[in-house]
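Below: the structure, in structure tokens.
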Amino acid sequence: MSCLGGITDNVTRFVYIWNVDNLAGPMQNVGLALVTLLIPFAIAVIVDILQKKNSPDAEFVDLDLHVILDHLFEFRRLIAALMFLFVPALFWDVTTPVIRILFLVIWAISAFVMVMILKNLYLWTKGNILKFRLEYLGKLEAHDDLEVVWRSIWKAQHINTENEGTYFAIFSSKVDSLFIDERKLPVIDKLLNDFGNYLSKRSLSFLADERGALPVILRWHMKSSLAEGARVRENQDTAAWHRYYRITYL
């Protein structure tokens with residue numbers, strides 16, 4: 001009977017986690033532990049890139065800085081995660097169980113985001129950099145960043161042929177999407193101008209292969225030339241005509 005009584009007492013003492021009044025302390029401690037792990041990783045990675053920025057021989061510096069800040073950290077997501085790691089704990093003692101459940105879900109998501117950032121920084125530090133570069137380039141839309149990032153890639157001397165093709169596949173997809181909107185012709189102008197300026201750094205196989213850059217470049221020139229001719233014949237917007245002209249004869 002005493003054994004059954006002990007089991008019964010344990011069952012009756014069971015408390016749901018959102019009813020634990022002193023949970024705020026452990027939540028804050030987990031948040032502090034994650035931040036403590038993040039800070040040295042972040043400092044080491046960013047300082048390494050900034051040191052390379054001062055070296056004239058360094059490659060991919062601007063690209064990697066953008067990848068770290070806008071993709072691995074993604075500052076808005078990071079700030080939100082940091083806020084929700086600590087704010088729920090501040091109000092834990094004065095909220096109802098329903099609100100506490102919501103706080104726990106938000107806190108758990110924020111902790112998961114921090115863990116994923118730490119995991120990605122760990123993989124970056126180990127040298128798995130290309131994966132993150134390609135992920136960032138695939139989702140990049142900001143025009144100012146496009147110019148800086150792609151110039152950083154094309155001016156790099158040491159890119160193997162396979163990676164040249166991988167980068168160019170993303171680049172050509174971006175340029176094709178920009179061609180849809182005439183308002184984005186200045187962005188195409190800048191991107192193709194930088195690409196042409198550093199064309200001598202690219203391998204012959206990358207340029208001459210039937211699946212390489214040359215057929216795509218010719219297609220861009222043809223598309224621009226036809227659009228330019230149409231604007232001239234129809235006596236349309238001279239600004240658009242001039243932009244197409246610049247792209248055609250880059």
Side-chain angles (χ1 to χ4, degrees), residues 59-77 129-157 159-250:
E59 298 184 340
F60 300 109
V61 175
D62 290 326
L63 168 62
D64 289 345
L65 193 57
H66 279 72
V67 173
I68 290 293
L69 297 178
D70 296 337
H71 184 53
L72 266 68
F73 286 152
E74 197 174 328
F75 267 118
R76 284 180 292 184
R77 179 185 63 177
I129 295 174
L130 182 62
K131 167 182 175 291
F132 296 111
R133 287 175 178 169
L134 297 179
E135 287 176 354
Y136 172 72
L137 292 170
K139 72 174 189 177
L140 180 60
E141 297 294 340
H143 294 167
D144 291 340
D145 290 342
L146 279 171
E147 183 182 354
V148 173
V149 163
W150 283 108
R151 184 186 303 121
S152 176
I153 294 170
W154 298 132
K155 72 179 182 181
Q157 180 72 47
I159 310 178
N160 65 48
T161 304
E162 183 177 351
N163 288 347
E164 281 180 327
T166 303
Y167 284 128
F168 186 74
I170 299 174
F171 178 75
S172 60
S173 175
K174 293 291 180 184
V175 173
D176 286 338
S177 67
L178 291 171
F179 258 116
I180 297 172
D181 188 348
E182 282 193 350
R183 294 172 298 178
K184 298 176 181 178
L185 289 176
V187 182
I188 301 174
D189 185 2
K190 293 175 183 178
L191 292 176
L192 295 185
N193 188 58
D194 283 335
F195 179 69
N197 287 340
Y198 298 107
L199 206 57
S200 61
K201 294 178 179 289
R202 305 283 61 87
S203 65
L204 183 60
S205 59
F206 163 72
L207 296 172
D209 188 271
E210 62 179 9
R211 292 177 297 178
L214 186 56
V216 180
I217 295 171
L218 293 174
R219 175 167 55 80
W220 288 334
H221 278 262
M222 179 63 71
K223 180 184 293 188
S224 183
S225 178
L226 291 173
E228 175 196 348
R231 299 301 179 280
V232 172
R233 287 191 302 273
E234 298 169 12
N235 197 24
Q236 291 188 7
D237 181 11
T238 56
W241 166 81
H242 181 65
R243 294 189 188 108
Y244 279 120
Y245 174 84
R246 284 179 53 86
I247 294 169
T248 302
Y249 296 100
L250 279 175

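Each residue takes its place number in the sequence, starting with 1.
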Checklist entry - Can you find a pair of side-chain heavy atoms, one from Lys190 and one from Trp150, that are under 4.5 Å apart? => result no
Checklist outcome for this item: CZ (Arg77) and CG (Leu72) are apart, to the nearest 0.5 Å, by 8.0 Å
Checklist entry - Is there a donor-acceptor pair closer than 3.5 Å between any side-chain N or O of Asn197 and the backbone N or O of Asn193? => result yes
Checklist outcome for this item: For Ser172 and Val216, the nearest pair of non-hydrogen atoms, with its separation, is CB-CG1, 4.0 Å
Checklist outcome for this item: CG of Leu65 to CZ of Phe60, rounded to nearest 0.5 Å, is 15.0 Å
Next on the checklist: Quick check for you: to the nearest 0.5 Å, what is the distance between Tyr136 atom OH and Leu69 atom CG?
Outcome noted: 9.0 Å
Let me have the donor-acceptor pairs involving side chains of residues 137-145, under 3.5 Å, with sequence neighbours excluded, atom names and distances please.
| residue | atom | partner | partner atom | Å |
| --- | --- | --- | --- | --- |
| Lys139 | NZ | His71 | ND1 | 3.2 |
| Glu141 | OE2 | Lys174 | NZ | 3.2 |
| Asp145 | OD1 | His66 | NE2 | 3.4 |

Item to check | Spacing of Leu178 atom CG and Asp189 atom CG [to the nearest 0.5 Å] | outcome: 12.0 Å
Checklist entry - Between Phe168 and Phe171, what is the ring plane arrangement, given parallel below 30°, perpendicular above 60°, and tilted in between? => result tilted
Next on the checklist: Working to the nearest 0.5 angstrom, can you tell me the gap between Leu218 CG and Ser225 OG?
Outcome noted: 12.0 Å
Checklist entry - Under 4.5 Å between any side-chain heavy atoms of Val149 and Asp62, yes or no? => result no
Next on the checklist: Using only atom types and a distance under 3.5 Å, with no angle test, would you say the side chain of Arg202 pairs donor to acceptor with the backbone of Trp154?
Outcome noted: yes
Checklist entry - Does a sphere of radius 6.0 Å around CD in Gln157 hold more than 12 heavy atoms from other residues, nucleotides or ligands, not counting ones at 6.0 Å or beyond? => result yes
Next on the checklist: For a quick test of reading the model, state the closest non-hydrogen atom pair linking Ile153 to Ile159 and the distance between them.
Outcome noted: O-CD1, 3.5 Å
Checklist entry - In Å and rounded to the nearest 0.5 Å, what is the CD1 to CG distance from Ile129 to Asp64? => result 6.0 Å
Checklist outcome for this item: Closest heavy-atom pair, Ser205 versus Thr161, reported as atoms and distance to 0.1 Å, is OG-CG2, 3.3 Å
Checklist outcome for this item: With sequence neighbours left out, the residues meeting side chain to side chain donor-acceptor pair (under 3.5 Å) with Arg151 are Glu147, Asp194
Checklist outcome for this item: Shortest non-hydrogen pair, Leu191 vs Leu146, comes out as CD2-O, 3.7 Å
